[in-house]
Amino acid sequence: VQLVESGGGLVQPGGSLRLSCAASGLTLDYYSIAWFRQAPGKEREGVSCIGPNDRTTRYADSVKGRFTISRDNAKNTVYLQMNNLKPEDAAVYYCATTRRVLVLRLWSSFDQYEYWGQGTQVTVSS
């Protein structure tokens, strides 16, 4: 299983980015996918999660109303649309998945996922 993130970069506060997470070795449609982020000196935190067949989504309170997670099954890719970015959103963003059935109340716990991408850097600065 391989997850590859892309789409990070430098953006001004208030700007937008769309991150992509392309998978190989498993069909993402059947599994829960999450986005995490980690800023320097901080713990990795859950940002968003989408369940199998897109029936369930979860967001961290800090990104609700600004970020949207979605999936393109034909491309076996999950996206994170990030709008109205703030300096505190700056971090390395990772996608993660698990072959196990995800316990939704634990979606933001990084130990629920066994497959991780290498991360993509998001910098928010004027």
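- Nearest heavy-atom pair across V124 and A90 is N-CB, 3.9 Å.
- The backbone N or O of L28 lies less than 3.5 Å from a partner atom in the side chain of N76, making a donor-acceptor pair.
- The closest donor-acceptor contact from the side chain of E5 to the backbone of G119 lies under 3.5 Å.
- The shortest heavy-atom contact between T97 and S32 is OG1-O, 2.8 Å.
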Pair T77-D72, side-chain hydrogen bond (donor to acceptor under 3.5 Å, both in side chains): steps then yes or no: CA-CA 5 Å; T77 298; D72 184 334; over 6 Å; no
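- Closest heavy-atom contact between P13 and S126: CD-N, 3.7 Å.
- A perpendicular orientation is assigned to the rings of Y113 and F36, their planes being inclined by more than 60° (bins at 30° and 60°).
- Taking 4.5 Å as the limit, some side-chain heavy atom of F67 sits within range of a side-chain heavy atom of L85.
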Solution key, residues 98-107 side-chain donor-acceptor pairs under 3.5 Å, sequence neighbours excluded:
{"from": "T98", "atom 1": "OG1", "to": "R100", "atom 2": "N", "distance (Å)": "3.0"}
{"from": "T98", "atom 1": "OG1", "to": "E114", "atom 2": "OE1", "distance (Å)": "2.7"}
{"from": "T98", "atom 1": "OG1", "to": "E114", "atom 2": "OE2", "distance (Å)": "3.4"}
{"from": "R99", "atom 1": "NE", "to": "Y115", "atom 2": "OH", "distance (Å)": "3.4"}
{"from": "R99", "atom 1": "NH1", "to": "Y31", "atom 2": "OH", "distance (Å)": "3.4"}
{"from": "R99", "atom 1": "NH2", "to": "G25", "atom 2": "O", "distance (Å)": "3.2"}
{"from": "R100", "atom 1": "NH2", "to": "Q112", "atom 2": "O", "distance (Å)": "3.2"}
{"from": "R100", "atom 1": "NH2", "to": "E114", "atom 2": "OE1", "distance (Å)": "3.4"}

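- A search for salt bridge (charged side-chain N to carboxylate O under 4.0 Å, His left out) contacts involving K64 returns D61, not counting sequence neighbours.
- The minimum heavy-atom distance between I33 and I69, with the atom names listed, is O-CD1, 4.0 Å.
- The distance from the CE atom of M82 to the CZ atom of R18 is 11.5 Å, given to the nearest 0.5 Å.
- A heavy-atom distance below 4.5 Å is not found between the side chains of R37 and R44.
- Judged as a disulfide (SG to SG under 2.5 Å), and not counting sequence neighbours, C49 has no contacts.
- Hydrophobic clustering, with ILVMFWY side chains joined whenever heavy atoms are under 4.5 angstrom apart, keeps V4 apart from V92.
- Contact between T68 and Y59 at its shortest, heavy atoms only, is CA-OH, 3.4 Å.
- Both L26 and I50 belong to a common hydrophobic cluster when Ile, Leu, Val, Met, Phe, Trp and Tyr are linked at side-chain heavy-atom distances under 4.5 angstrom.
- Panel note: side chain R58, backbone G51; no donor-acceptor pair is recorded below 3.5 Å.
- For CD of E88, the number of neighbouring non-hydrogen atoms (other residues, nucleotides, ligands) closer than 6.0 Å is greater than 12.
- At least one donor-acceptor pair closer than 3.5 Å links the side chain of T120 to the backbone N or O of G8.
- Taking the salt bridge (charged side-chain N to carboxylate O under 4.0 Å, His left out) definition, one finds that R66 meets it with D89, sequence neighbours left out.
- Atom-to-atom distance recorded for S70:OG and Q81:CD is 8.0 Å, nearest 0.5 angstrom.
- With rounding to the nearest 0.5 angstrom, the CH2 atom of W35 is 10.0 Å from the OG atom of S48.
- Considering only residues two or more places apart in sequence or on other chains, Y30 meets the side-chain contact (heavy atoms from CB on, under 4.5 Å) condition with T27.
- Y79 belongs to no hydrophobic cluster with other residues, because no ILVMFWY side-chain heavy atom falls under 4.5 Å from its own, directly or through intermediates.
- By the rule that hydrophobic residues join a cluster once side-chain heavy atoms approach within less than 4.5 Å of another member, W116 and L80 end up as members of separate clusters.
- For Q121 (side chain) and G9 (main-chain N/O), no donor-acceptor pair under 3.5 Å exists by modelled atom type.
- With contacts defined as side-chain heavy-atom distances shorter than 4.5 Å, the pair S6/L19 does not qualify.
- In this structure, the ring of Y94 has its center no less than 6.0 angstrom from the ring center of F110.
- Note: L10 CG to T123 OG1 = 6.0 Å, rounded to the nearest 0.5 Å.
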